[in-house]
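Since the structure comes first, as structure tokens, the remarks are kept for the end.
Heads up: numbering here begins at 1 and tracks the sequence.
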Amino acid sequence: MGADSSVSSTLTMGSYIGRHAELYDLFYADKRYAEEALFVHRCLQQYTSVPTTRLLELACGSGSHALALEKFGYQILATDYSEDMLEIARKKARRLSSTVDFQSQDMTELSLTDKPFDAAICLFDSIGYVATNDRISQVLQGVHRKLRPDGLFIFEFWHAAAMLRGHDPVRVRRWDTDQGTILRISETRLDCAAQLSQVTYSVYELNRDGSFEALVETQVNRYFLVQEMNYWLTSSGFVPLKFFAGFSDDEKINEDTWHVVAVARRQPAKPTEAC
């Protein structure tokens, strides 16, 4: 076998498509989806004004949160813009005989025709992917339109203080699989003025048969201050109820808090506002 034939492909991709989507569940196999879903369920029960049964999920990824939440009896429409991620989620749903409805949607342009939802969720810091002020406003206004009056919006975001203080410029992780070894190098650069983190993932697959594959993907994600998010919510027709330090009841958010979980309630629409 010649030297060049050992390299199968080197790809530059958009966010979570193709092989990167296929590897997603391996990369996040240690994420505590069940515990996070339980915390969201508790918030949905505690802060709702009427029974909550119908959920809308934004940026559902490979579906793990939705499938965990379904166990509590919710009817869930889970959306994502990556068709490759959605296909993985649908395969998992079929294996579990799940009724979660996975649909392709850009969360800045929700074109759903369903009746209003009781609550919406957006987890794993995914709201930061929209990055710009205009697009964040579009997301929040779109969620507002899709919720019933007093419906809840529960979402997670990267905390600016922790990101500025403690981000790793370079991080390397390794996974051993039946096929060989996978290395992922994450290189992070911050744009402090725009509150953006640019992470370039270089993924190398070293297969036991001697072949080699690589892909490179760059993702941009925004980080937020709590008071800033409080403003975004109130200006978009929501009442902020709680900001938690991660998926816990701890409300003491400081520079060591990487992830903030927000709970907000939709204000009733004005008489002249279209539903």
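Of all the heavy atoms in Thr52 and Leu44, the pair that sits closest is OG1-O, 4.1 Å.
Two rings, from Trp232 and Phe224, have their centers 6.0 Å or more apart. Less than 6.0 angstrom separates the ring centroid of His144 from the ring centroid of Phe238.
For the side chain to side chain donor-acceptor pair (under 3.5 Å) test, no residue two or more places apart in sequence or in another chain qualifies with Asn230. By the ring-ring contact (aromatic ring centres under 6.0 Å, His included) test, Tyr24 pairs with Tyr16, Tyr28, sequence neighbours left out. Legend: residues meeting salt bridge (charged side-chain N to carboxylate O under 4.0 Å, His left out) with Glu70, ordered by chain and number and at least two apart, are absent. In this view, Ser248 satisfies the side chain to side chain donor-acceptor pair (under 3.5 Å) rule with no residue, not counting sequence neighbours. Annotation: ring-ring contact (aromatic ring centres under 6.0 Å, His included) contacts of His65 (sequence neighbours excluded): Tyr33. Glu22 meets the side chain to side chain donor-acceptor pair (under 3.5 Å) test with Arg19; sequence neighbours excluded. Judged as a side chain to side chain contact (heavy atoms under 4.5 Å, CB included), and not counting sequence neighbours, the contacts of Ala93 are Leu67, Ser98, Phe102. Shown here are the ring-ring contact (aromatic ring centres under 6.0 Å, His included) partners of Tyr201, two or more places apart in sequence or in another chain: His20. Every residue was checked against the side chain to side chain donor-acceptor pair (under 3.5 Å) condition with Lys91, not counting sequence neighbours, and none meets it. Remark: Phe72 engages His41 in a ring-ring contact (aromatic ring centres under 6.0 Å, His included) (not counting sequence neighbours).
Panel note: side chain Glu36, backbone Phe247; no donor-acceptor pair is recorded below 3.5 Å. Using a distance-only test at 3.5 Å, with no hydrogens or angles considered, no donor-acceptor pair links the side chain of Asp191 to the main chain of Leu196. At least one donor-acceptor pair under 3.5 Å links the side chain of His159 to the backbone N or O of Thr257. For the pair Ser236 (side chain) and Leu233 (backbone), a donor-acceptor distance under 3.5 Å is absent. In terms of modelled atom types and a separation under 3.5 Å, the side chain of Lys252 and the main chain of Ala245 share no donor-acceptor contact. In this structure a side-chain-to-backbone donor-acceptor pair under 3.5 Å is missing from Ser211 to Asn207.
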The test is salt bridge (charged side-chain N to carboxylate O under 4.0 Å, His left out); show your working for Arg90 and Glu83 and say whether it passes. CA-CA 10 Å; Arg90 291 171 184 137; Glu83 284 288 354; 3.6 Å; yes
Between Arg222 and Tyr129, does a side-chain contact (heavy atoms from CB on, under 4.5 Å) hold up when you go through it step by step? CA-CA 6 Å; Arg222 183 160 170 172; Tyr129 283 116; over 6 Å; no
After noting the C-alpha distance and the side-chain angles of Ser82 and Asp80, does the key distance pass the side-chain hydrogen bond (donor to acceptor under 3.5 Å, both in side chains) rule? CA-CA 6 Å; Ser82 170; Asp80 201 282; 4.7 Å; no
Apply salt bridge (charged side-chain N to carboxylate O under 4.0 Å, His left out) to Asp178 and Arg208, showing your working. CA-CA 8 Å; Asp178 292 340; Arg208 297 189 188 281; over 6 Å; no
Candidate pair Val143 and Phe155, rule side-chain contact (heavy atoms from CB on, under 4.5 Å), full reasoning: CA-CA 11 Å; Val143 172; Phe155 62 100; over 6 Å; no
Using the rule given for side-chain contact (heavy atoms from CB on, under 4.5 Å), can you reason through Phe153 versus Leu140, listing the C-alpha separation, both sets of side-chain angles and the distance that settles it, and then say yes or no? CA-CA 9 Å; Phe153 183 33; Leu140 293 175; 3.6 Å; yes
Which is it for Lys242 and Tyr47 under the side-chain contact (heavy atoms from CB on, under 4.5 Å) test, yes or no, and what are the steps along the way? CA-CA 10 Å; Lys242 293 288 182 179; Tyr47 299 107; 3.5 Å; yes
Carefully, step by step, assess Arg94 and Glu87 under the rule salt bridge (charged side-chain N to carboxylate O under 4.0 Å, His left out). CA-CA 11 Å; Arg94 287 193 290 270; Glu87 184 55 32; 3.4 Å; yes
For the pair Gln105 and Ser111, evaluate side-chain hydrogen bond (donor to acceptor under 3.5 Å, both in side chains) and give the outcome as yes or no after the intermediate values. CA-CA 7 Å; Gln105 288 280 306; Ser111 58; 3.1 Å; yes
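One distance of note links CG of Asp118 with CD of Gln75; it measures 8.5 Å at 0.5 Å rounding. Rounding to the nearest 0.5 Å places CG of Leu23 at 9.0 Å from CH2 of Trp175. Atoms CD and OG, from Gln219 and Ser197 in turn, are 9.5 Å apart once rounded to the nearest 0.5 Å. Rounding to the nearest 0.5 Å places OG of Ser202 at 6.0 Å from CD1 of Ile185. Here CG of Asp101 is found 10.5 Å from CD1 of Ile76. Values are rounded to the nearest 0.5 Å. Separating the CZ atom in Arg145 from the CG atom in Leu147 is a distance of 11.0 Å, to the nearest 0.5 Å.
Between Val203 and Leu183 the shortest side-chain heavy-atom distance does not fall below 4.5 Å. Side-chain contact between Val261 and Ile154 is present, with heavy atoms from C-beta onward closer than 4.5 Å. Taking the side chain as every heavy atom from C-beta outward, Leu26 and Thr177 approach each other to under 4.5 Å.
Using a 3.5 Å distance cut-off with no hydrogens or angles, the side chains of Thr132 and Asp134 do not pair a donor with an acceptor.
When Thr234, Asp150, Val239 are each tested for a side-chain contact (heavy atoms from CB on, under 4.5 Å) with Gln267, only one passes: Val239.
Contacts classified as side-chain hydrogen bond (donor to acceptor under 3.5 Å, both in side chains) and involving residues 179-189 (residues at least two apart or in different chains) are given here: Asp176-Thr181.
Between Lys92 and Asp25, at least one side-chain nitrogen of the basic residue sits less than 4.0 Å from a carboxylate oxygen of the acidic one, meeting the salt-bridge criterion.
Atom CD of Gln227 has 12 or fewer neighbouring heavy atoms from other residues, nucleotides or ligands inside a 6.0 Å radius.
Connection of Leu55 to Leu112 is not established within any shared hydrophobic cluster, with ILVMFWY side chains joined at heavy-atom distances below 4.5 Å, either directly or through further cluster members.
In the hydrophobic clustering (ILVMFWY side chains linked at under 4.5 Å, chained through shared members), Met163 is joined by Trp158, Leu164, Leu190, Tyr223, Trp258.
Cation-pi check for Lys31 over Phe124 is met; the charged atom lies under 6.0 angstrom from the ring centroid and within 45 degrees of its normal.
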